[in-house]
Each structure stands twice: as C-alpha cells, then as structure tokens.
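Step one of this worksheet: look at the structure below.
Throughout, protein chains are lettered first and strands after them, A, B, ... in sequence-line order, and every chain is numbered starting at 1.
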Amino acid sequence: MSESSDLLRDYPLLAGPDEMFDRDGTVRAKYAQLASRLGRWSLDEYHARQAAADLDQLNGGVTFTVYQDDAGTERIFPFSLIPRVIDAEEWARLEAGLVQRVSALNRFLADVYTEQRCVRDGVVPVDVLGQSEGFNLRAVGFVPSLGVYAHIAGIDLIRDREGTYRVLEDNLRTPSGVSYVLENRRTMLNAVPDLFPAGSVAPVDDYPDRLLEMLIAVRPSSVSAEETRAVILTPGSQNSAYFEHSFLARQMGIELVEGRDLIVHDQRVYLRATTGLERVHVIYRRVDDDFLDPVAFRADSALGVAGLVDAYRSGQVTIVNAIGNGIADDKVVYRFIPDVIRYFLGEEPIIPNVDTWVGSQPADLAHMIEHLGDLVVKPANGSGGYGIVIGPQSTAAEIEEARDRVRRNPSGYIAQPLQEFSTIPTFNGTRLEPRRADLRPFVVTGASSWVLPGGLTRVASDPTSYIVNSSQGGGSKDTWVLRQGWEA
Amino acid sequence: MLSRVAENLYWLGRYLERAENMARIAAVNYKASVEEHADDEDEAMLWDALVRAIGTQAAYAEARAVSPNLAPGEWLIFSRENPGSLRSTIARARGLARELREHISREVFEEINLLYLASNEADSTHGLRPYTATVQRGVAATFGLYDNTVLYDEGREWFRCGMYIERADMTSRTIDAKYYMLLPSLADVDGPLDRYRWLAILRSASAHEAFRKRYRGSIRGQRVAELLILDSSFPRSLRFCVSALGRHFGLATSGAPRMHSLPVTRELAILDLDLGSTGIAEIMRTGLHEFLGEFQGRINRVHNSTMSDILRALPASMP
C-alpha cells in the first residue's frame, strides 16, 4: 500500500493476530485496496460515513430488543465500517470444512436418535449423551425428511494466535444473526459504496432464496413442491430476534406466524386465515423445542401449538430445524465432534476444534485439575458467560476454589486454553483500535449444503474484551469474501 | 390471509387515521387558543371537544383527580402515561407496523418508523404546531406510500377498512362534540353563532376549502353539517366514508365464507342507503346529536361484528 492517513498509522496490536495488519504493522494483501481507499479519508469523513450508516440502520428498524430496558426496548447493533476480509483461498477451505462438519453432525444426529452405532463403537461415551440436556426423548426413533436435522447451522469460528481458524461452537437449534449479515451489506452499499472493490466481493443477498429452496426441498413426501406451504413460526414481536424473523418472512414472501395462528387437526397443521383454514407443510420455527407444543413439552407454554409434535412425528409437517438438535451442539459433546467427523466420514476434520477437556472423562479431568491455572473453565450446561473462571486472570485462591468445584462435580465442567483470537480494526471515535472478533458462517442444508459467503462478524465492545455478544455491548461488521483475481 | 395479520392491518389503518385526526383537531385548538387569547375556561372547553372526540372523558377526569393542574393539551398530545394520547397512538401504530413488516413495504415501514422516532423526540417547548404538523405529514406520506408501494390485495383492503371506519367515527364525533358544546339547545342551530367557531369546525375536519367550493355565501351551521355528513364527494364526510368502507369491506371479504361476512355487508348497505336518502333538514329536525349518536352506534356494530364474525371468528368446521 502506498498512502496512509493518520487513521491507519500507529495501530496498536494485541496478543492475537490482526486481520488487517501483520506483526510489523504492514497492511495484509487482502486489505490492501481497502486500506488505500480508507487512507484518503479524513477523520471528519469517517465520522460522516459512520453517522450515515447508523442512521440507515435506525431508520430501517434494524434493531434488537433489550429485555431489561423498559424505555427504549430496541437498539441498533453498534456497526463498524471496516469489514472482515477473507480471501478466496481462505474461504474455499472454510467452506469445505463447514460442509464437512455439518454433514457429519447430521449423520451423528440420525445415529443418536436411531441405532446409536457411534456409542457402541466408542466414539462418544454413553454417559456424555445421557447427561446432556440436549437429548430429546421426543426425537427418538424418528428420522426427518431427507435425514436432515441441522437445516440451518451457525458455526462460530475464531482465528487463533497462529492464524488457524477453529470452531468455537456449533449452533444447530435456532441460530440467529443472518438478517444482520444482509442488512449490514445493504448499509455498507448505502454508506460506503466507494470502499467496495468493484465486482470482487461475493454477494450475500441470495440467502433468502436458498433458504426457501431448502424449506421446499425438505417438505413431507406427500406434497408436491408447487403445493408446499412454508411458514416461519416466531415467539412474537417481543422476542429479541423478531426483526430477523420478520425480515426473513418478508424476503421469502412467506407468512410469519405465531403459535395462536396455527391449529393441528388429525395430525395436520393449518393456518387460521380470514378465508378459513389453510394447510401448512413446512415450519421454519424460531421457537425452542420446549415451547413448540404444550402437549409434548411444557404445559405452561403459551407459545406453542397443541399437537404439533405428533403431527411432526407422523410426517405430515416438517419442522426446521429438527427437534432434538441440542444433543449435537452441546458443550461436552463438542469435545468429541472431531472423532465424529472421522467416524462417519472417514476424513480428517478440515477446521479443528479448540482444544477441550471435559470433566466426565478421567484423563481429561486429570489434565484440567493439573493445568487449571492456564485454562478457562466453563460450566457444561450454561450459557451467557456465567460461572466462567479464566485461569490466567485469576488469583491462586480463586484457582484453588475452582479446582475444588470441578473435583466435586467433574461432569459439570469443561476447560479450554484461553484463546488469543484475532482482532479487526474498529473506529473508536478518534482512531482505529483492535477489537477481538468471531465469525458465524451460516450453512443451509436441504438436498445438499450451501454456505453463505462470509457470515456474521461480531466484535467485542473494547480492546480488553473477549466477549462479542450483542447483549454485552458487542457490535458487528460486514464480512467480505473476495473472489479470485483481486490482487493488491 | 392470516386472521391475526388482517386484524393488525385493520388496526394499523385505524391508529394512523386517528393520529392524523387528533393532530389536526389539536392544531385547530391551538390556533384558537393563541389567536383568541382565550381564557382558561375557553381553552378547557376547546380541549374538552377533543377529549370527547376520542371518547376518553372518564380517563381524563381520573387523571385530573390525581393531578389537578394537568394541562389537557399535554395529556392528550404528549403524555406517555395516557394510552390514548397522540404520542401513544403513534407508538401503537409503529408497534403494529413492526409486527407487520412482511406485509407492508420497506418504504411504508420506514415512514412510520421515522414518524415514531420524531414522535419520541417531540416535546411542547415550541408549542404543539411542530409536532402536529409532523404527524399530519407523516400519516399523509404513509397513506400515499401505502397506495403506491404495497400490493392491492386483501391486506390492503383491511388497512383501508380500518382507515375509513376510524375516519367515519372521528368525523361524527368531531361534529357532535363541537356542535353539542357550542349549541346547548337545538333552537340555536340556525342562530347567530360566531362564524369563527364554525370555521374551526370546518378546519378540524380539513373541510374549509371544500366548503368554499361547495357553497356560496357565509358559513352556516346547517351547511357545515350537510357537507360533513351527506356530501358524497367530500372524502371525510360520513356518507363518503360509509360507501368507501362498504366497497373495501366487500373486497376484503370476497374470499371469506358468506355466512360470516353477510351481517356486516348488510349493515353497511343499509347505512349507505339511509345516508343517501335523507336530507339535512330532516336530520336537523330529528336532532343532530341524536342522529350522530345513532350513527356511532351503527358504526360500532359494524366494528364489533367484523371482529367477532370475521377477524376473530373460530373456524366453523374442520376440513
């Protein structure tokens, strides 16, 4: 790169690698053209563009709901103009790795709920499955249409200190975030069209079409593609991801329904329409398993449709994603997914896991106890960052206390090394500073798998933070997958 | 179309129309209170008309009991505590629009969202006018965008039904509230009433220019009533609203089971005939207030049967 404005100078690096700058502070080849365009901007220009982008999202209602806040219950995601850039070669490998992983996970789910060969052959210990909250009895003995369970998978990736992409976690139930990918791109094209290298960034707006194609592909065998009626089932407008539910319905041109809009009769599902009842064949649900059907699951749920699970198991309606997927994106089961890939596909995993030790396995437990001061310890069945002990940042007493807790309830914990994952430059109001970022690509699987180029890039709220969740003030960025042939 | 979606579109039309009417009436009141140097009692009376027009007398009396200094304008327009205030009405319309995003265009949603964002910022420091003007423009833009960017399908017909039933209701309440307030006894109907106040009524219904085109000569009560009730080409008159409502209702329910839609269809047709075959002199003879009261009752029945027989009807039988 040739020119460099104040914005790009003296960029402070953290312990992990940076996506834009290498260790010497030189701009990496994949960012070269972007940097030279950005380098021409003054601080004022940057502020003006950021304001335009924020206004675009606010006016468009691109918001998420904050539960604890009464007054303004909707907020926009903090949005950062500097995208994550992935070059064509990197992406080809990621794409292959994601398809491989989802394919193995689908085989695994089909096996867990039918023959359990992988248990008999010692790939996944039986106690691991037995202790998981994700194992769902209502899924046993039923194989859904085309054998697909994880129709939409959001696989969270990070890039470690060595620059290797690793899977941080699998989201196979109702992964969200794809609407932000599409809206972020729209905002970028509105606010900073001049940053785009013409014709070199893979488009993302065919996602809704791919999604609809998949929904039709997994329809019950008794109905033709033309007759198939698909709907999205939402918990309602108070849900934090309602914008996304509505966005996808709009983009696919299908109905967005709530539980009270559906009726099950004689194992068939119907919509309550002004003209009478209309048959529904595929339900893309954004409601958790527990709230799908008050008859099958929680009787206190006001969200569900009585008799829905019965209709599902009779094959009269397809539910996307399938019921019971929680067993495959469980934190403990995760530890065994590389072996699951080897077992079902006979291949080495293309994208490795983060090293993980689980307390229920004696050898893992010994390692956890011995190295706890160097590890991050997490509860096996928790979420939202509760109960996490970060060894390298804890006192000797805290580590000893954590050790005790793990000894008392080994199967309740897992441990991983602290990940110094990669950062992406983010404007903080006066200059660029590094923020840790993860990447959630989306894999859509019907008759075959398709990966949305890129995915949702989430960034931490400040340079010291390792947490990228929107509930913790994290923001998002556009993600660019470069096509072949774009050179610096 | 999903019953819940149809109902939400119907309410979206109602709330937007209500907001626009409230803004217009409030602007006229405000103008009157500024120009006439009205004393407190006069001003209270002006606002009272709006309280009546929205039908929230009880809630207002209650709020006044708690805080006696509560300004009626503040309560009706800006209050967040009053679920019927203009600000709350806009918020409700926007909440519905958010739930209806896949049924309305991006343009329509953005216009309503912009109105809502502006409405959140609005306060009374610069008086009512900037806010009421924003609301009037925002609602007009929304209706225009709706006509030009949304499919002319069943949903659009329900939206229009909501808009026209609300308009019929608001126009009749506006005439009633103002007439009743200004004319304590029926004997005064053709009396020498302050022409300025008749003008205010016309302005409250956006009818001043229409009146001038329709009638030569001075503004007289009976003519104002004739324009606002019976004129088939004035888009806010009761007759216009009823006949538009009948048309949109017919289109909205063309696919619905006939046994469900028949009672409302019949009620609307009879109402339309009644308005078409009566004269203003006859209405004045029976009593304007009585006439308007009956009209509101009939419009209410249309609303209630639309809800119970169609939008919230339980499936008649399983297929």
Side-chain angles (χ1 to χ4, degrees), chain A residues 55-65 70-74 76 179 183 186 208 229 231-239 242-280, chain B residues 1-10 80 91 94-118 120-121 151 153-155 157-158 161 249 251-261 306 309-319:
Chain A
L55 189 65
D56 188 75
Q57 300 224 329
L58 184 65
N59 289 350
V62 188
T63 54
F64 67 98
T65 308
D70 258 1
T73 46
E74 292 164 46
I76 62 167
S179 61
E183 288 289 288
R186 197 185 55 83
R229 178 88 177 260
V231 298
I232 297 184
L233 177 63
T234 175
S237 64
Q238 299 309 308
N239 185 268
Y242 183 77
F243 168 76
E244 175 153 311
H245 308 162
S246 151
F247 177 89
L248 291 173
R250 200 159 74 239
Q251 293 281 315
M252 289 191 283
I254 66 178
E255 289 286 353
L256 180 63
V257 305
E258 296 176 17
R260 58 193 158 120
D261 298 325
L262 298 177
I263 289 178
V264 178
H265 178 72
D266 195 18
Q267 297 182 328
R268 285 162 178 80
V269 182
Y270 299 90
L271 277 181
R272 290 175 46 154
T274 48
T275 46
L277 297 179
E278 295 169 16
R279 179 82 190 273
V280 171
Chain B
M1 156 158 272
L2 270 186
S3 305
R4 177 177 55 84
V5 170
E7 182 177 339
N8 283 347
L9 283 164
Y10 172 84
R80 290 179 206 275
R94 192 271 186 172
L96 285 174
R98 188 167 165 267
E99 285 186 34
L100 287 165
R101 280 200 67 158
E102 73 281 10
H103 299 277
I104 56 182
S105 62
R106 172 179 279 273
E107 288 89 339
V108 168
F109 175 79
E110 287 199 1
E111 196 60 41
I112 297 173
N113 198 38
L114 280 171
L115 178 56
Y116 165 74
L117 294 172
N120 270 346
E121 303 282 306
L151 279 182
D153 61 4
E154 185 190 339
E157 302 306 331
W158 285 116
C161 282
F249 184 83
L251 290 166
T253 55
S254 61
R258 217 171 123 69
M259 56 185 241
H260 286 168
S261 61
T306 300
D309 298 352
I310 299 161
L311 296 176
R312 291 177 188 168
L314 291 170
S317 61
M318 289 291 179

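For chain A, the nearby part of Arg106(B) is the side chain; its heavy atoms alone come within less than 4.5 Å. Proximity to chain A is absent for every atom of Glu111(B), based on heavy atoms less than 4.5 angstrom apart.
Pairing each heavy atom of Ile254(A) with each of Glu102(B), the nearest pair is O-CG, 4.4 Å. When all heavy atoms of Trp158(B) and Thr274(A) are compared, the pair lying nearest together is NE1-CG2, 4.2 Å. Residue Asn113(B) comes nearest to Leu58(A) through the heavy atom pair ND2-O, 3.0 Å, listed as atom of the first residue, atom of the second, then distance.
Residues passing the side chain to side chain donor-acceptor pair (under 3.5 Å) test with Ser179(A) are Glu244(A), sequence neighbours excluded. Taking the side chain to side chain contact (heavy atoms under 4.5 Å, CB included) definition, one finds that Thr275(A) meets it with Ala273(A), Glu278(A), sequence neighbours left out. Residues that satisfy the side chain to side chain donor-acceptor pair (under 3.5 Å) test with Ser105(B), not counting sequence neighbours, are Thr149(B).
The contact list for residues 245-253 of chain A toward chain B, using heavy atoms and a distance under 4.5 Å, reads Ser246(A), Ala249(A), Arg250(A) by residue number.
Annotation: maximal heavy-atom pairing with chain A below 4.5 Å, among Arg4(B), Arg80(B), Glu99(B), Glu110(B), occurs at Arg4(B).
Residue Leu2(B) holds its CG atom at 8.0 Å from CG of Leu262(A), rounded to the nearest 0.5 Å.
The side-chain heavy atoms of Asp261(A) and Val5(B), taken from C-beta on, include no pair separated by under 4.5 Å.
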